[in-house]
Amino acid sequence: MGISAELLGWYDRHARVLPWRIPPGQGPADPYRVWLSEVMLQQTTVAAVKSYFERFTSLWPRVEDLAGAEDARVMAEWAGLGYYARARNLLACARAVAARGGFPRNRAGLAELPGIGPYTSAAISAIAFDHPETVVDGNVERVVSRLFAIETPLPASKPQIHALATDLTPNERPGDHAQAMMDLGATICTPRNPACGICPVSDPCQARRLGIAADLPRKAPKPEKPLRRGTVWIGLTDSGVLVETRPAKGLLGGTLAFPSAGWDGTDLAPPAEADWQELGLVRHVFTHFALDLTVMTARLTTVPERGRVVPLRDFSALALPGLMRKAWSLARPETARPRSGVAMASRSRTPQG
């Protein structure tokens with residue numbers, strides 16, 4: 001029995017139950033749910049995404065519903081998932097799909113949609129439309145690296161991994177095969193201490209035979225992230241708080257935030273004349289840099305030159321991105337209670353695009 005057949009048999013017995021999945025052998029799946037889950041899962045843990053996915057599909061059960069949603073409402077619901085360009089692309093893609101009457105049924109058509117790259121188009125094509133596309137995320141990279149004992153470090157080994165993963169992809173049940181590979185990497189062929197003794201493909205695994213499974217995949221050393229510094233101003237009135245909507249493009253684009261500057265290329269100018277007092281620093285790590293943000297607060301007595309004052313009764317810290325929630329926790333810790341489990345922890349499934 002080949003590797004794919006062994007994997008599918010194992011998947012039929014042990015597939016993870018996830019809110020965006022259908023049971024093994026009962027495909028293909030709803031492309032809307034596949035697409036939505038894949039966008040949410042980029043650089044975020046499965047555990048964190050579950051509640052977001054269920055909330056989104058409750059509010060917007062069809063792609064047409066999401067396409068008709070207000071931008072601000074979607075951005076607020078997305079808060080905590082990070083990488084806000086994904087949320088903007090999510091809306092753009094939903095509207096493009098609704099305008100054309102549904103998702104394209106092939107990878108080439110899917111790849112033309114906003115925010116859908118090579119990995120996501122392959123995943124939707126395989127899982128939703130049962131096409132034998134090669135789906136390679138971080139879990140699959142690890143599984144393939146170990147199966148074939150690839151010692152070339154990532155990212156240089158990506159072309160070889162993709163070619164070998166293509167050889168493994170079957171024409172029958174390719175969507176289940178893709179999810180089986182992901183599940184194997186997430187539950188058995190884990191980054192540390194892989195459970196080789198219960199792995200369904202331990203016999204053909206070259207890394208296991210060589211005793212190097214836990215050492216693979218090798219990774220080239222990452223350069224140290226540069227440190228940026230900036231300032232955020234939290235202005236309060238007796239019954240309100242000063243906020244702004246960030247520009248649609250750029251970091252934290254389109255999100256509700258407190259006025260800030262310095263770290264994103266904007267000038268360090270307070271949003272209002274006030275007796276600003278320093279509360280402390282918050283540290284936040286983005287993909288390409290780390291940030292130390294000085295948190296300032298003041299009681300506002302003049303009309304702000306930037307932003308708008310919203311009533312505290314209408315304000316929720318849950319609508320803020322993680323960076324701004326950290327700042328708010330210094331100013332008003334009793335009201336800063338973000339959802340549990342939504343920290344920007346990377347999952348193993350690092351998509352290829």
Side-chain angles (χ1 to χ4, degrees), residues 1-11 14-16 38 41-46 107 111 117-127 131-225 287-288 345-353:
M1 187 179 292
I3 290 175
S4 179
E6 292 282 5
L7 273 174
L8 285 171
W10 170 81
Y11 182 69
H14 300 289
R16 289 181 294 174
E38 288 297 338
L41 284 165
Q42 292 170 15
Q43 302 296 327
T44 312
T45 62
V46 168
R107 184 176 180 180
Y119 165 79
T120 307
S121 61
I124 299 171
S125 184
I127 298 170
H131 297 311
E133 300 288 355
T134 304
V135 183
V136 181
D137 68 355
N139 284 317
V140 177
E141 285 181 341
R142 187 167 56 256
V143 170
V144 173
S145 293
R146 290 171 176 174
L147 277 172
F148 298 97
I150 299 172
E151 298 207 47
T152 303
L154 288 165
S157 60
K158 285 179 179 287
Q160 183 183 7
I161 290 171
H162 193 278
L164 291 167
T166 298
D167 291 341
L168 292 176
T169 301
N171 290 321
E172 299 295 327
R173 297 179 63 189
D176 282 347
H177 168 83
Q179 292 174 110
M181 292 281 281
M182 295 173 188
D183 277 13
L184 186 71
T187 62
I188 291 180
C189 196
T190 52
R192 298 178 181 84
N193 303 315
C196 299
I198 59 172
C199 177
V201 290
S202 61
D203 286 346
C205 181
Q206 297 179 32
R208 182 196 63 81
R209 288 204 302 269
L210 294 171
I212 59 172
D215 300 327
L216 300 180
R218 303 195 190 283
K219 296 181 180 180
K222 293 183 179 180
E224 186 175 348
K225 292 183 178 182
T287 304
H288 300 298
S346 294
R347 63 167 178 168
S348 296
R349 295 184 56 188
T350 303
Q352 307 306 300

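In this chain, numbering begins with 1 at the start of the sequence shown. Side chains are part of it too, since the values below use all heavy atoms of this structure and drop only hydrogens, waters and symmetry mates.
- The minimum heavy-atom distance between Pro155 and Pro159, with the atom names listed, is O-CD, 4.3 Å.
- The two atoms that bring Arg146 and Pro191 nearest to each other are NH2-O, 3.2 Å, heavy atoms only.
- Thr190 pairs by the side chain to side chain contact (heavy atoms under 4.5 Å, CB included) definition with nothing, not counting sequence neighbours.
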Output side-chain donor-acceptor pairs under 3.5 Å for residues 200-215, partner residues at least two apart or in another chain, one line each.
residue : atom : partner : partner atom : Å
Ser202  : OG   : Cys199  : O            : 3.4
Arg208  : NE   : Ser202  : O            : 2.6
Arg208  : NH2  : Ser202  : O            : 3.3
Arg209  : NH1  : Asp203  : O            : 3.1

Solution key, residues 177-185 side-chain donor-acceptor pairs under 3.5 Å, sequence neighbours excluded:
residue : atom : partner : partner atom : Å
His177  : ND1  : Ser4    : OG           : 3.3
Gln179  : OE1  : Arg21   : NE           : 3.1
Gln179  : NE2  : Gly175  : O            : 3.3
Asp183  : OD1  : Arg16   : NE           : 2.8
Asp183  : OD1  : Arg16   : NH2          : 2.8
Asp183  : OD1  : Arg21   : NH1          : 3.3
Asp183  : OD1  : Arg21   : NH2          : 2.7
Asp183  : OD2  : Arg16   : N            : 3.0
Asp183  : OD2  : Arg21   : NH1          : 2.8

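- At most 12 non-hydrogen atoms from other residues, nucleotides or ligands lie less than 6.0 angstrom from NZ of Lys219.
- The minimum heavy-atom distance linking Val136 with Tyr119 is given by the pair O-CD1, 3.4 Å.
- For the atom pair CZ of Arg142 and CD1 of Ile150, the computed distance is 13.5 Å after rounding to the nearest 0.5 Å.
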key: Step-by-step side-chain contact (heavy atoms from CB on, under 4.5 Å) determination, Ile124 to Thr120   = CA-CA 6 Å; Ile124 299 171; Thr120 307; 3.8 Å; yes
request  = Just do the side-chain contact (heavy atoms from CB on, under 4.5 Å) check on His14 and Ile188 with the steps written out, would you?
outcome  = CA-CA 11 Å; His14 300 289; Ile188 291 180; over 6 Å; no
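- Not counting sequence neighbours, the partners of Arg218 by the side-chain hydrogen bond (donor to acceptor under 3.5 Å, both in side chains) test are Glu151.
- Here Thr152 pairs with nothing under the side-chain hydrogen bond (donor to acceptor under 3.5 Å, both in side chains) rule; sequence neighbours left out.
- The shortest distance between side-chain heavy atoms of Ile127 and Val135 does not fall below 4.5 Å.
- The salt bridge (Lys or Arg N to Asp or Glu O under 4.0 Å) analysis of residues 186-197, with sequence neighbours excluded, yields no pairs.
- Ala149 and Leu216 make their closest contact through CA-CD1, 3.8 Å (heavy atoms, listed as atom of the first residue, atom of the second, distance).
- Pairs engaging residues 163-174 under the salt bridge (Lys or Arg N to Asp or Glu O under 4.0 Å) rule: Asp12-Arg173, Arg173-Asp176 [sequence neighbours left out].
- Residue Thr169 holds its OG1 atom at 10.5 Å from CG of Leu164, rounded to the nearest 0.5 Å.
- Applying the side-chain hydrogen bond (donor to acceptor under 3.5 Å, both in side chains) criterion to Ser145, with sequence neighbours excluded, gives no partner residue.
- Taking Arg107 as the reference, Ser121, Glu133 meet the side-chain hydrogen bond (donor to acceptor under 3.5 Å, both in side chains) condition, with sequence neighbours excluded.
- Rounded to the nearest 0.5 angstrom, Thr134 OG1 and Ile161 CD1 are separated by 13.0 Å.
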